[in-house]
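To start, the structure under review is shown below, and the notes come after it.
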Amino acid sequence: MNRITSPLYRSARRLAGRNLRRFQRAFIYPAAVRRELSQWKRSGPRVHGKGLTLLIINHCYDQDIDAICRAASGKETIWVMEPTVFHKTVYSFIPEDLPDIYHGNEDPALAPYVKQYHECFIRGLTDTLIETTHLDAMLVTADQFFWLRPLIEEMKSRGVLVVVQDKEGSVCDAPLMDAHADLLRKNFPPIADFYLLWNETSAAFVQKCGVLPERCRVVGQPRSDYFFDSARWPTRKDLGLPEKAKIVLFFTFALDAYTATYYLTPDQRKTWLHLRQEINQALKEVLSQFPNAYLIVKAHPQQHDLRLNRREIRALRMSRSIFLTGAHSANSLIANADIVVGFQTTAMIEAMLTKKPVIYSGWGPSHEEIKHQLLPIYNSGGCAVPRNAEEFKTWLRHYLAASPGPSVSQLNQRKSFTDQYFFQADGQASRRLLDTIQTLAHNHRSFPQPIRREQVYDPL
């Protein structure tokens, strides 16, 4: 009996309805998914221990996961799953152009596709995850991803505790963010059991999204632990960087970073084009004057204009430079840099946990127009804040020539500023997170349902 004539296939085909092409794609992709899940099972948990079993669904969360695994004390078993298993499958069921922040999973235009995805894939995947890990709790970075919500719902129906560790803890307290919270509350209402936050501001924001206050815990930012344990820092040689150079680390940014909720049209949102060009040219001019200077351009893990940005840096023709991407290198780069330059990114606040010179690279009419919606790094008192490209070059030359550290006053202002975003940044945030999940799991009255056998296919 081949796949097409099997009862399993016919049953699934009826669920898929008339959309034969999408259904056929769904039966092509599971082969890749099965291979990935098999490899994941063979790899086993990231951390072996006794007691709590925790499954973490990764989503640009590598540095935090590293910190959490390091904080494990033998009382936890930690499994980590990459999101590719979902990304390889979800668009076999859901049209790629349909999911966005304006279409919740219950939206009539999206709901039938989500139902197929849930019934044909998520239920079988949930069986596999439970049978493999015997998890007590699942940790995710958000419960608003359309592709992840069905898994959260299925896990909760089996009695598994679901916890959100919100990694967007640098959210601003601004009117537009209130409007954003209203939209999330309407289209993606909270469905997790508990929410662990970086700070009180992010706790207030998720409550505006509909999370009950009693389901919130402020524990801090796990990856900030990195800066309190220098034994974890790789050397420049480990990173393939010049050991004796003066390294300038520039956290570049997308042309429409933080403007999607402010400007209505895509062209309007590309408001940082001139700013990014000015920064790039200034970096080229100043670093060419210092033969020992070396530039690292680090892109954001979710930056969507990487190809354009890479071409811009290549056009500078700087031999002593490198363009890096990825979600797990920012802290290591900060630890090995001599000067940190950046705009609107959490990495700029993390850099203030060190004694490195930090330069904020934001200026111009567009910045003045919407700065009340941005992270107030420019108002922190803990970094240099040039008002234009010429002042930026002056600060850069100053630090390259002398490399003075921040003053005592600056360090105090940095501490005051970082405390607003990273609750009790003391090297123990990851341990607090694990202890909190231990307590929540202990108090969670779970009655796991039997493994369901009516799924359309088993991913393995």
Side-chain angles (χ1 to χ4, degrees), residues 59-68 70-71 141 165-172 196-199 201-202 218-234 239 247-253 257-258 296-303 324-362 374-385 399 405-406 410-433:
H59 185 264
C60 300
Y61 196 55
D62 300 79
Q63 295 181 114
D64 298 85
I65 290 173
D66 289 344
I68 292 169
R70 277 185 169 270
T141 59
Q165 162 64 39
D166 183 18
K167 69 181 183 67
E168 303 298 337
S170 54
V171 62
C172 296
L196 307 184
L197 297 312
W198 288 6
N199 53 58
T201 302
S202 56
V218 176
V219 298
Q221 185 207 47
R223 68 176 180 263
S224 68
D225 294 347
Y226 181 90
F227 296 105
F228 295 86
D229 184 6
S230 59
R232 295 175 54 187
W233 300 355
L239 297 174
I247 292 182
V248 177
L249 171 61
F250 171 43
F251 287 104
T252 188
F253 48 90
Y258 299 90
I296 299 174
V297 180
K298 173 62 175 69
H300 191 277
Q302 294 171 287
Q303 189 169 329
L324 299 177
T325 61
H328 60 275
S329 61
N331 285 353
S332 297
L333 295 174
I334 290 173
N336 281 279
D338 294 290
I339 303 164
V340 179
V341 176
F343 179 39
Q344 287 288 306
T345 172
T346 305
M348 286 288 284
I349 307 176
E350 292 165 347
M352 292 190 204
L353 294 171
T354 73
K355 295 183 178 181
K356 312 276 182 178
V358 178
I359 306 176
Y360 179 73
S361 57
L374 303 175
L375 290 169
I377 300 171
Y378 56 86
N379 208 27
S380 66
C383 60
V385 185
Y399 288 133
Q410 254 190 339
L411 287 175
N412 290 335
Q413 291 183 81
R414 283 187 179 189
K415 180 68 167 63
S416 176
F417 184 70
T418 55
D419 279 350
Q420 296 176 40
Y421 294 92
F422 312 140
F423 171 76
Q424 291 184 6
D426 54 4
Q428 297 299 317
S430 300
R431 188 61 252 170
R432 284 195 297 272
L433 178 143

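- Counting heavy atoms from C-beta outward, Phe423 and Trp198 have side chains that stay 4.5 Å or more apart.
- Two residues are said to be in side-chain contact when any heavy atoms from C-beta on lie closer than 4.5 Å; Arg70 and Ser430 fail this criterion.
- In this structure a side-chain-to-backbone donor-acceptor pair under 3.5 Å is present from Arg414 to Thr354.
- When every heavy atom of Pro376 is checked against every heavy atom of Phe417, the shortest pair comes out as O-CE1, 3.7 Å.
- Contact check for Gln165 versus Val219: side-chain heavy atoms found under the 4.5 Å cut-off.
- Note that CG of Leu324 is 13.0 Å distant from CZ of Phe250, once rounded to the nearest 0.5 Å.
- Between Arg432 and Asp225, none of the side-chain N atoms (NZ, or NE/NH1/NH2) sits under 4.0 Å from a carboxylate O, so this pair counts as no salt bridge.
- Rounded to the nearest 0.5 angstrom, Thr141 OG1 and Leu196 CG are separated by 12.5 Å.
- For the 3.5 Å distance criterion, the side chains of Ser332 and Tyr226 qualify, holding a donor opposite an acceptor.
- Taking 4.5 Å as the limit, some side-chain heavy atom of Ile68 sits within range of a side-chain heavy atom of Tyr61.
- Leu411 places a side-chain heavy atom less than 4.5 Å from the side chain of Lys355.
- The distance from the NZ atom of Lys356 to the CG atom of Leu249 is 10.0 Å, given to the nearest 0.5 Å.
- Side-chain contact check for Ile349 versus Gln221: every heavy-atom pair is 4.5 Å or farther apart.
- Taking CZ of Phe251 as the reference point, atom OG1 of Thr346 lies at 10.5 Å (rounded to 0.5 Å).
- Here the straight-line distance linking atom CG of Asp166 with atom CG of Asn199 works out to 9.0 Å at 0.5 Å rounding.
- At distances below 3.5 Å, not a single donor-acceptor pair connects side-chain atoms of Lys298 with backbone N or O atoms of Leu333.
- With Ser416 contributing its side chain and Gln413 its backbone, the two residues share no donor-acceptor pair below 3.5 Å.
- Residues satisfying the side-chain contact (heavy atoms from CB on, under 4.5 Å) criterion with Lys415, sequence neighbours excluded, are Asp419.
- Annotation for Cys383 and Ile377: closest pair SG-O, 3.8 Å, computed over non-hydrogen atoms.
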Take Leu375 and Tyr360, measure what side-chain contact (heavy atoms from CB on, under 4.5 Å) needs, and give me the verdict at the end.
-> CA-CA 11 Å; Leu375 290 169; Tyr360 179 73; over 6 Å; no
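- In this structure, the side chain of Gln63 engages the main chain of Asn331 through a donor-acceptor pair within 3.5 Å.
- Taking both residues in full, the closest heavy atoms of Ser224 and Ala429 are given as OG-CB, 4.5 Å, listed atom of the first, atom of the second, then distance.
- Using a 4.5 Å heavy-atom threshold, the side chains of Phe227 and Glu350 count as touching.
- Considering Val340, Ile359, Val341 in turn, Val340 is the only one that fulfils the side-chain contact (heavy atoms from CB on, under 4.5 Å) rule with Met348.
- Scanning both residues, Ala67 and Pro222, for their nearest heavy atoms gives CB-O, 3.4 Å.
- Nearest heavy-atom pair, Phe228 versus Ala425, reported as atom, atom and distance to 0.1 Å: CZ-O, 3.0 Å.
- Note that NE2 of His59 is 13.0 Å distant from CG of Asp64, once rounded to the nearest 0.5 Å.
- Heavy-atom minimum distance, Ile334 versus Ala347: CD1-O, 3.6 Å.
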